[in-house]
Amino acid sequence: MSKDETSAFYDGNAETYASRERRLPTARLDALLATLPSGAKILELGCGGGQDSAYMLEKGFDVTPTDGSPELARQAEKLIGRPVTVMRFQDLEAVEAFDGVWAEASLLHVPRAELPDVFTRIRGALKPEAPMHASFKSGEAEGHDGLGRYYNYPSVDWLTECLSSGGWRDIALSEADGGGYDGKPTRWLFVTARK
């Protein structure tokens, strides 16, 4: 996430955003965790308030939480009681260090032109055969929401092409209607893929 309106939003609203009423995506979390060995090392990209990290830690996984917002990272640290790395996705440099990546509603802020490189960095950070989960707000063209946050709004075809041309395997995409922090109806796009 670049230092723009999106970052400014999360830094300026970190406490409210982190403490909002949010239903955990347990079905998606459990689906990813079921593919991993017990105690597996998981990289969470964009941990927000830390609720998903807390869930994975509770299940006995070794989670490395990260977020691009220093203020949100502080909020997450309060919840999970461990350090959260402040890092932009574009700065990920780990090499074959993780058994899985969890990126729920976070990579959707990466500019479209930078997303292939970010996916390459994520593949590099994963061990061979390791899975990634990510979710996006579905659409046809990048843009901003009413709160000023940038979204890449990919379509199924666009995202499938981006991942397959990047060497990902076992790509599975699904869509569902839902909502978001802005209270607007949202078409969500969920993807899992394997290195």
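Position 1 is the first residue of the sequence, and the numbers go up from there.
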Any chance you could measure L126, atom CG, to E96, atom CD, to the nearest 0.5 Å? 9.0 Å
Using the salt bridge (charged side-chain N to carboxylate O under 4.0 Å, His left out) rule, take E175 and R187 through it: C-alpha gap first, then chi angles, then the decisive distance, then the call. CA-CA 7 Å; E175 290 183 274; R187 185 71 173 166; 3.6 Å; yes
Using the rule that Ile, Leu, Val, Met, Phe, Trp and Tyr join whenever any side-chain heavy atoms are under 4.5 Å apart, tell me whether F190 and W168 fall into a single cluster. yes
Sole residue of E142, R112, H109 in side chain to side chain donor-acceptor pair (under 3.5 Å) with Y150: E142
In sequence, state the C-alpha distance, the side-chain angles, and the governing distance for K195 and I122, and then conclude on side-chain contact (heavy atoms from CB on, under 4.5 Å). CA-CA 9 Å; K195 179 174 180 176; I122 293 170; over 6 Å; no
Short side-chain to backbone donor-acceptor contact, S165 and C162, under 3.5 Å: yes
Distance-only, no hydrogens or angles: does the R194 side chain make a donor-acceptor pair with backbone N or O of A130 under 3.5 Å? no
Just so I know, are the side chains of W188 and S174 near enough to count as touching, which here means a heavy-atom distance under 4.5 Å? no
Face-on cation placement of K137 at Y153 ring, 6.0 Å and 45° thresholds: no
R28 and E104 ion-paired at < 4.0 Å: yes
What distance do H133 atom NE2 and D52 atom CG have between them, rounded to the nearest 0.5 Å? 8.5 Å
Output, in order, the C-alpha distance, side-chain angles, deciding distance and verdict of side-chain contact (heavy atoms from CB on, under 4.5 Å) for I171 and S164. CA-CA 8 Å; I171 301 164; S164 57; 3.9 Å; yes
If you group Ile, Leu, Val, Met, Phe, Trp and Tyr whenever their side-chain heavy atoms sit less than 4.5 Å apart, what else falls in with W102? L24, L29, L32, L33, L36, I42, Y55, M56, L57, F61, V63, L79, I80, V84
Are R74 and E77 within salt-bridge range, i.e. N to O under 4.0 Å? no
Once rounded to the nearest 0.5 Å, what's the spacing between atom CZ of R123 and atom CE of M132? 10.0 Å
Side chain S155, main chain E140, donor-acceptor under 3.5 Å: no
G48 backbone acceptor or donor facing D67 side chain under 3.5 Å: yes
Please check if the side chain of N152 supplies one atom and the backbone of L107 the other of a donor-acceptor pair under 3.5 Å. yes
Is Q75 reaching over with its side chain to a backbone N or O of G49, donor-acceptor style, under 3.5 angstrom? no
Checking side-chain contact (heavy atoms from CB on, under 4.5 Å) for the pair Y151/H144: CA distance, chi angles, key distance, verdict? CA-CA 6 Å; Y151 287 92; H144 291 77; over 6 Å; no
Under 3.5 Å, sequence neighbours excluded: what are the donor-acceptor pairs made by side chains of residues 113-121?
| residue | atom | partner | partner atom | Å |
| --- | --- | --- | --- | --- |
| E114 | OE1 | Q90 | NE2 | 2.6 |
| D117 | OD2 | R121 | NE | 2.9 |
| T120 | OG1 | P116 | O | 3.0 |
| R121 | NE | Q90 | O | 3.1 |
| R121 | NH1 | Q90 | O | 3.3 |
| R121 | NH1 | L92 | O | 2.9 |
| R121 | NH2 | Q90 | O | 3.4 |

Look up atom NZ in K59 and atom OG in S38, then write down how far apart they are to the nearest 0.5 Å. 13.5 Å
Could you grab the distance from atom CG of L43 to atom OG1 of T64, nearest 0.5 Å is fine? 6.5 Å
Which distance, rounded to the nearest 0.5 Å, do you find between the CG of L72 and the SG of C47? 7.5 Å
Between K127 and D99 (salt bridge meaning N to carboxylate O under 4.0 Å), is one present in this structure? yes
Would you confirm whether S135, through its side chain, and A105, through its main-chain N or O, come within 3.5 Å as a donor-acceptor pair? yes
In the structure I gave you, are the side-chain heavy atoms of T186 and D177 within less than 4.5 Å of one another anywhere? no
Go through V156 and L189 one step at a time and tell me if the side-chain contact (heavy atoms from CB on, under 4.5 Å) criterion holds. CA-CA 7 Å; V156 169; L189 182 52; 3.5 Å; yes
